[in-house]
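Numbered from 1 within each chain, the chains take letters A, B, ... in sequence-line order. Only heavy atoms go into these numbers, but all of them, side chains included; no hydrogens, no water, no symmetry mates.
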There are 2 protein chains.
Amino acid sequence: MKALNKSKQRQAILDFLCTRKDHPSVEVIYNNVRDVIPDISLGTVYRNLNLLADMGTVKRIRGLDSVDHFDADIRPHQHFMCTECGRVEDIFLEDPSVVTAMEDQVRRHHDSVTGSDIYFYGRCSECLDKLPES
Amino acid sequence: MKALNKSKQRQAILDFLCTRKDHPSVEVIYNNVRDVIPDISLGTVYRNLNLLADMGTVKRIRGLDSVDHFDADIRPHQHFMCTECGRVEDIFLEDPSVVTAMEDQVRRHHDSVTGSDIYFYGRCSECLDKLPES
DNA sequence: TATAAAATCAGTAATTATTACTGATTATTA
DNA sequence: TAATAATCAGTAATAATTACTGATTTTATA
């Protein structure tokens with residue numbers, strides 16, 4: 001897989017994504033990048049996000065809402081998803097060795113284990129405030 | 001959330017799902033259930049899978065192919081996804097305590113952690129045979 | 001059992017998310 | 001600078017999913 005050429009559209013998408021920690025959807029990315037490049041098309045946003053994800057420059061996250069979300073932070077980390085509002089937050093485990101230990105466990109039965117994704121579920125603090133009970 | 005009434009369509013969907021360990025998609029479920037109930041509609045399959053998933057009777061899995069897959073096995077377990085062919089296999093960790101240990105780590109920063117999903121990625125044995133190198 | 005109320009259905013239309021296609025433009029290479 | 005390749009905007013098409021409607025079935029109750 002060879003490197004991509006430069007394009008201001010792709011750069012603008014990546015620049016925007018780097019400013020966000022909340023794993024925006026394609027729709028959100030599209031709307032925001034249009035502030036910079038008003039005539040960018042939705043197809044271009046999709047195509048470039050897919051290219052960037054294929055290259056490993058960004059990470060695709062499939063949330064609870066069945067639309068793709070993207071993250072420019074590709075350091076190994078996990079995610080917390082609010083089952084109430086769908087918000088996705090980053091989790092950096094204090095002791096990440098448990099993850100590699102798990103992968104090693106799995107590797108005993110599957111020759112090839114190249115990585116893992118871990119999603120934690122619960123209610124985010126904001127939703128807990130809104131609905132203390134139930 | 002109250003219990004569902006009985007319906008032969010819903011039962012047929014659930015019966016079929018219980019026979020499968022490969023986390024079929026809605027499309028696959030639909031085609032197979034039609035062997036039993038030829039005039040069942042795709043909308044009914046969707047609606048019932050969503051109802052069953054909401055009740056916790058089945059588990060929804062979002063794979064690499066962005067279509068929903070379903071699993072009638074709701075025991076806590078993990079999944080292995082082949083990055084080559086998309087196949088989803090069950091993983092039962094020999095030492096599942098690492099999962100609860102991780103959840104406890106997360107619970108220090110998020111008051112409410114109700115569960116987690118773990119996906120391992122790699123190539124399944126079948127795809128490894130096909131493409132030993134690369 | 002008969003009947004009324006509620007749940008569920010099939011069929012289909014509509015919506016939403018995503019991908020594919022086309023000819024024009026832009027970037028890279030030599 | 002000219003040739004080649006990559007990328008673009010715009011749009012059409014596809015695929016997945018949900019919503020709606022009036023008919024049917026199931027459940028609860030008398």
Contact pattern, 5' to 3', of nucleotides 19-30 of chain D - B, S or - by protein heavy atom under 4.0 Å: -------SS---
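For L42(A), the side-chain atoms get nearest to dT18(C) when compared with the rest of dT18(C), dT17(D), dC8(D). Closest to the Y46(A) side chain, of the nucleotides dT18(D), dT17(D), dA17(C), is dA17(C). With dA17(C), dT17(D), dC8(D) as the candidates, the nucleotide lying closest to the side chain of T44(A) is dC8(D).
When the C1' atom of dT28(C) is taken as reference, atom CZ of R10(A) falls 13 Å away, rounded to whole Å. Atoms NE2 (H69(A)) and C1' (dT18(C)) sit 14 Å apart, rounded to a whole Å. Going from atom CD of Q11(A) over to atom C1' of dA6(D) covers 16 Å, rounded to whole Å. One interatomic measurement links the two molecules: CG of L51(B) to P of dT17(D), which rounds to 15 Å at whole-angstrom precision. Between the CZ atom of R60(B) and the P atom of dA16(D) there is a distance of 15 Å, given to the nearest Å. For the pair R62(B) CZ and dA15(D) C1', the interatomic distance rounds to 15 Å; values are reported in whole Å. Nucleotide dA16(D) holds its C1' atom 13 Å from the CG atom of L49(B), rounded to whole Å.
The shortest distance between side-chain heavy atoms of I13(B) and L49(B) falls below 4.5 Å.
Here Q9(A) reaches the OP1 or OP2 of dA9(D): one of its side-chain N or O atoms lies under 4.0 Å away. The phosphate of dT18(D) has OP1 or OP2 within less than 4.0 Å of a side-chain N or O from N50(B).
Taking S116(A) as the reference, E103(A) meet the side-chain hydrogen bond (donor to acceptor under 3.5 Å, both in side chains) condition, with sequence neighbours excluded. Contacts of H109(B) classified as side chain to side chain contact (heavy atoms under 4.5 Å, CB included), with partners at least two apart in sequence or in another chain: E94(A). When the side chain to side chain contact (heavy atoms under 4.5 Å, CB included) test is applied to T83(B), the partners found at least two apart in sequence or on another chain are L64(B), Y121(B), R123(B). For the side chain to side chain contact (heavy atoms under 4.5 Å, CB included) test, residues two or more places apart in sequence or in another chain that qualify with N50(B) are R60(B). Every residue was checked against the side-chain hydrogen bond (donor to acceptor under 3.5 Å, both in side chains) condition with T19(A), not counting sequence neighbours, and none meets it. For D90(A), there are no salt bridge (Lys or Arg N to Asp or Glu O under 4.0 Å) partners two or more places apart in sequence or in a different chain. In terms of the side chain to side chain contact (heavy atoms under 4.5 Å, CB included) criterion, residue partners of R20(A) (sequence neighbours excluded) are, by chain and number, F16(A), D22(A), P24(A), V28(A), N32(A). Applying the side-chain hydrogen bond (donor to acceptor under 3.5 Å, both in side chains) test to Q9(A) and every residue at least two apart in sequence or in another chain returns nothing.
Considering D73(A), D71(A), D54(A), D117(A) as possible partners of K59(A), the one that fulfils the salt bridge (charged side-chain N to carboxylate O under 4.0 Å, His left out) test is D117(A).
Against DNA chain D, the stretch residues 22-41 of chain A makes heavy-atom approaches under 4.0 Å through D39(A), I40(A), S41(A).
Axis angle between the ends of the helix from dT1(C)-dA30(D) to dA30(C)-dT1(D), five pairs each and rounded to 10 degrees, works out to 40°.
At least one donor-acceptor pair closer than 3.5 Å links the side chain of H69(B) to the backbone N or O of H23(B).
If you chain together ILVMFWY residues whose side-chain heavy atoms come under 4.5 Å of each other, I74(A) ends up in a group of its own.
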